[in-house]
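Submitted below is the structure of interest, expressed as structure tokens.
Values in this document were obtained by computation on a predicted structure and should not be read as measured data. Hydrogens, waters and symmetry mates play no part in the numbers below; they use all other heavy atoms, side chains included. Residue numbers begin at 1 in each chain, while the letters A, B, ... track the order of the sequences.
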Amino acid sequence: MEHVELIPGIPDDVAVDCLARVPHASHRALRRVCRGWRSAAAAPSFASARAAAGANEDLVYMLQFGNPSADEGPKDGESPANTPAYGVAVYNVTSGEWRRERGAPPVIPVFAQCAAVGTRVAVLGGWDPRTFEPVADVHVLDASTGSWRRGAPMRSARSFFACAEAGGKIYVAGGHDKHKNALKTAEAYDAVADAWDPLPDMSEERDECDGMATVAGDRFLAVSGYRTARQGGFERDAEWFDPAARAWRRLERVRAPPSAAHVVVKGRVWCIEGNAVMEWISPRRGWREVGPYPPGLKAGTARAVCVGGGEKVVVTGALDGEGGGGRHALWVFDVKTKKWTVVRPPPEFAGFVFSVASVRI
Amino acid sequence: MEVDKGKGEAEETRKVAEADRDTVTLKSSDGKLFEVSKEAAARLSTVLAGMIAGGSIDDNGTDLKQIGSEALENVVDYCNKHANSIPSAALISSSISFNTAPFKEPEEWERKFVDRLSHDALFDLVEAANFLGMERLLDVTCHKISEMMKGKSPDQIREVFNIKNDYTKEELEEIRQELAWAFYDD
């Protein structure tokens, strides 16, 4: 068969370099041009050409409630259908653009959570929006192709659980079932194989615990949470999963003040709380300050995610005080300069964000 | 910015005749001659740097049989403009990009340089830059081509780049499906 040039008149490797520089928002169109472009955009060389050309974009995926005051403005006739009660919003940290995720499931379980591994974003658990019962549903987006698939369900239906990517797998642990019983069960998802690995139980029930990856990104840590009998009585302990021994290990007294948002930056546990950004120093079993508190962020509303392999931290939360008016915003922390940039989203993206994940494309 | 090759050459005062010349003469496939700064040529093109270092530069015009006169004129023009431009730190600070990847956005004058080219001239320049190992010029031209794809429909892209739609109806439907939520009815 005769070789068809990707772009007539240009060597194929140079053509890939041209395609790779096109912003992510136009990739959908690129894939539909012809067979050659579609396979070129899916090849590993496309991803490496983007990195080499400095064309990478960081996308933050948010599971977000609709903003009740967004409908007060003038309507253009199309917006109501685009603002679901709970849906997937995307903020492009690189370009500053906001959008709704096209092709997302029509109904996202309320309080579903998300985590990313590679270019895949998994949406897990939450409540059935009609019965308010926890579900075991999993939906997976491949952010590089824009395609969504239903994933293998979790072993247990759960909501308000710890959830994070660690060592290439997405871990879920704790939360509560439909009887509001706190769970000690945990499992790990392989997004490529679409398979769940049932893990041994944690030592404690942990409802509303925080999940994160730590120690070189390969260990999953479930922080705090409360037992069924101690509703809202958050514990100060945590446990992490040791994949080699397939066992949970306990850590005592790691929890920062209640309602802290945890995030792992280059293997270190950070916490957005009180007056500052704090970092956990494990030999000293204590916290040290690494940066100022996000300006105008209302206490106890933050969700945080690490972006671009540790260059940025993105925090979502409510705006405090006057002028905030219950509106939510986004704060971008530059790890190098230790400066916060406040991003005010368009009204339709100013709802409460319950879960965040980040992907580099 | 690296300027090692050009300076290294200048320090070596082997031949008086060579040292006199701070330009090299390049000859296009259609026999036209162009003069370009030796320093800029060596700095911007790995192929020309190799030829200069290896002494395979012909004073009467080094044959570049793969490059037509219009493309070569643009190459030489680019080299001369580049030699005169002051690297601009202001551009880096004005970038709103959050990326910390190597800064490869074209500078203002580079943008203007490629913007004035016709479609064919741009493509010929890409080929010439690729042949001569001119990484920066390749960056700038590839960036320009990527901008021609940005925000366009597949139909518009095919038209601009003269690409045949080789999808079957079934394949197009498959692609459409993969982008729509397929689980409405289960």
Side-chain angles (χ1 to χ4, degrees), chain A residues 4-11 13-23 25-26 28-38 49-58 92-96 102-107 139 142 145-150 307-308 311-312 332 334 336 341 360, chain B residues 95-106 119-120 122-127 129-131 135 138-168 171-172 174-186:
Chain A
V4 182
E5 283 179 313
L6 287 174
I7 300 174
I10 294 182
D13 57 335
V14 179
V16 167
D17 198 353
C18 296
L19 295 179
R21 289 163 196 262
V22 175
S26 292
R28 201 174 121 86
L30 293 194
R31 284 190 294 274
R32 287 159 62 206
V33 167
C34 64
R35 287 174 179 171
W37 282 30
R38 191 180 181 207
R50 280 179 72 73
N56 278 138
E57 290 164 83
D58 289 310
N92 186 324
V93 182
T94 310
S95 70
R102 299 176 76 148
V107 178
H139 297 112
D142 186 340
T145 63
S147 61
W148 284 84
R149 294 280 178 272
R150 186 183 282 281
V307 169
E311 291 161 18
K312 311 268 179 218
V332 181
D334 187 310
K336 216 176 267 170
T341 307
R360 173 164 273 199
Chain B
S95 164
I96 52 151
S97 167
F98 283 121
N99 268 336
T100 53
F103 184 77
K104 294 210 171 181
E105 288 277 300
H119 184 96
D120 286 350
L122 176 65
F123 274 48
D124 289 345
L125 187 56
V126 169
E127 281 218 278
N130 190 44
F131 174 76
E135 201 192 324
L138 205 50
D139 267 346
V140 172
T141 47
C142 285
H143 183 92
K144 171 66 188 172
I145 290 175
S146 78
E147 282 188 332
M148 292 159 67
M149 300 171 182
K150 192 170 131 182
K152 295 232 166 64
S153 73
D155 274 340
Q156 289 169 322
I157 293 173
R158 285 186 209 108
E159 198 184 319
V160 170
F161 294 99
N162 189 25
I163 290 164
K164 192 170 165 277
N165 182 358
D166 56 0
Y167 280 127
T168 62
E171 284 171 324
L172 278 176
E174 188 192 314
I175 296 166
R176 201 189 62 79
Q177 289 272 328
E178 109 184 347
L179 296 165
W181 183 246
F183 305 99
Y184 243 118
D185 49 4
D186 67 2

Chain B contacts, top residue of A:Gly36, A:Ala29, A:Gly96 (heavy-atom pairs, under 4.5 Å):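 With the most close heavy-atom pairs to chain B, the winner is A:Ala29.
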
Side chain from CB out, backbone as N, CA, C, O: work out which of these in B:Lys152 comes under 4.5 Å of a heavy atom of chain A, or both, or neither.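 The backbone, not the side chain.
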
Is the number of heavy atoms from other residues, nucleotides or ligands under 6.0 Å of A:Glu5 CD greater than 12?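 Counting other residues, nucleotides and ligands, CD of A:Glu5 exceeds 12 neighbours.
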
Can you tell me which portion of A:Pro23 sits under 4.5 Å from chain B's heavy atoms? Options are side chain, backbone, both or neither.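 When you check distances to chain B, only side chain atoms of A:Pro23 fall under 4.5 Å.
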
Of the non-hydrogen atoms in A:Arg21 and A:Ala55, which two are nearest, and what is the gap between them?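 That closest heavy-atom pairing would be CA-CB, 4.0 Å.
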
Using a strict threshold of under 4.0 Å (side-chain N to carboxylate O), is an ion pair present between A:Lys312 and A:Asp334?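 So A:Asp334 pairs with A:Lys312 through a salt bridge.
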
Pair A:Arg149, A:Asp142 - check salt bridge (charged side-chain N to carboxylate O under 4.0 Å, His left out), show working. CA-CA 8 Å; A:Arg149 294 280 178 272; A:Asp142 186 340; over 6 Å; no

Let me know if B:Asn130 has heavy atoms under 4.5 Å from chain A in its side chain, its backbone, both or neither.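 When you check distances to chain A, only side chain atoms of B:Asn130 fall under 4.5 Å.
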
Out of A:Ala20, A:Cys18, A:Ser26, A:Ala15, return the one with the most heavy atom pairs under 4.5 angstrom to chain B.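 With the most close heavy-atom pairs to chain B, the winner is A:Cys18.
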
Could you look at B:Glu171 and say if it's the side chain, the backbone, both or neither that has a heavy atom under 4.5 Å from chain A?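 Looking at B:Glu171, just its side chain touches chain A.
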
Measure across B:Leu122 and B:Met148 and return the closest heavy-atom pair with its distance rounded to 0.1 Å.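 Of all heavy-atom pairs spanning B:Leu122 and B:Met148, the closest is CD2-SD, 3.7 Å.
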
